[in-house]
Amino acid sequence: MDTGAATAQHGGMVRRRRIRQLGLPCGSLQFDSLNHRRMNGFIDGEFVRLRDEFGNIWRGTADQQDEEIIRYRFRNDVGRTITGVSDRFGITLRDDRGVTWRGYVF
C-alpha cells in the first residue's frame, strides 16, 4: 500500500515513483539456516529480493502487520515459497521444505 505517489516531468515523459511506507525497513538482508546455508539480499520498503547460495532469486513483499511485526512472502521462478515474520529481534523465515532461516536487516 502506498502512502501517496509523486509525479515528475522529464523530457516530455511523466514518471511515477512510489513513496515508501513509513516503518518498513530498507537495507541489506542476511539469513543463515541451521545447516549453515546462507541467503543475502536487499529490502526497499515493501519490495524484497534474496539470492541463495545456489544462485536462485527469491522475490517478495513485506507487509506491516503491527508496529513491530512485518510479514514476509517470497517466491522463486520454480514456484517454491518462503514465508516468515520479523519482530524487533530479527527475521525468521521457513521454506516449503521446513528449513528455518534466521536473519536481520543491516
Side-chain angles (χ1 to χ4, degrees):
M1 297 191 175
D2 290 337
T3 56
T7 58
Q9 185 84 20
H10 294 287
M13 203 162 96
V14 176
R15 295 184 183 179
R16 280 183 87 96
R17 68 178 171 89
R18 295 174 74 124
I19 297 177
R20 178 172 35 96
Q21 283 184 345
L22 299 175
L24 291 174
C26 289
S28 297
L29 296 167
Q30 182 172 338
F31 291 96
D32 296 309
S33 71
L34 293 175
N35 55 359
H36 306 291
R37 296 171 81 186
R38 288 192 165 217
M39 285 197 294
N40 297 305
F42 67 89
I43 182 168
D44 184 16
E46 64 184 53
F47 303 104
V48 188
R49 183 174 181 249
L50 296 174
R51 180 182 301 242
D52 64 17
E53 61 188 16
F54 303 111
N56 298 319
I57 302 295
W58 299 82
R59 291 176 182 87
T61 60
D63 299 317
Q64 190 158 8
Q65 303 291 310
D66 194 358
E67 287 182 18
E68 294 183 0
I69 298 173
I70 300 173
R71 178 168 300 280
Y72 294 92
R73 294 181 188 99
F74 299 96
R75 181 175 291 275
N76 69 359
D77 294 335
V78 181
R80 292 185 53 208
T81 60
I82 297 176
T83 59
V85 293
S86 71
D87 54 16
R88 59 189 176 133
F89 300 110
I91 304 169
T92 304
L93 302 175
R94 181 169 293 191
D95 67 10
D96 53 3
R97 296 181 182 169
V99 178
T100 302
W101 305 80
R102 184 76 176 154
Y104 56 91
V105 178
F106 62 95

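Position 1 is the first residue of the sequence, and the numbers go up from there.
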Rounded to the nearest 0.5 Å, what's the gap from [atom1] on [X] to [atom2] on [Y]? Could you check?
| X | Y | atom1 | atom2 | result |
| --- | --- | --- | --- | --- |
| Ile69 | Asp87 | CD1 | CG | 7.5 Å |
| Arg75 | Thr61 | CZ | OG1 | 11.0 Å |
| Asp52 | Ile57 | CG | CD1 | 8.0 Å |
| Ser86 | Ile43 | OG | CD1 | 7.5 Å |
| Trp101 | Thr92 | CH2 | OG1 | 13.0 Å |

Any side-chain heavy-atom pair from [X] and [Y] closer than 4.5 angstrom?
| X | Y | answer |
| --- | --- | --- |
| Ile82 | Met39 | yes |
| Thr83 | Arg71 | no |
| Asn40 | Glu53 | no |
| Arg102 | Phe89 | yes |

Heavy-atom closest contact ([X] atom, [Y] atom, distance):
| X | Y | answer |
| --- | --- | --- |
| Phe106 | Gln30 | CE2-CB, 3.8 Å |
| Leu93 | Gly84 | CD2-CA, 3.7 Å |
| Cys26 | Asp44 | SG-OD1, 3.3 Å |
| Gly45 | Ala62 | O-CB, 4.0 Å |

Taking ring pair (Phe, Tyr, Trp, His ring centres under 6.0 Å) as the cut-off, I'd like each qualifying pair that reaches into residues 57-79, sequence neighbours left out, listed once.
none

According to a hydrophobic-cluster definition based on side-chain heavy atoms being under 4.5 Å apart (Ile, Leu, Val, Met, Phe, Trp, Tyr only), do Tyr104 and Leu50 belong together?
no

Between Thr100 and Arg94, is there a side-chain donor-acceptor contact under 3.5 Å, judged purely by atom types and distance?
yes

Inspect the contact between Asp95 and Arg80 and indicate whether a charged nitrogen and a carboxylate oxygen are less than 4.0 angstrom apart.
yes

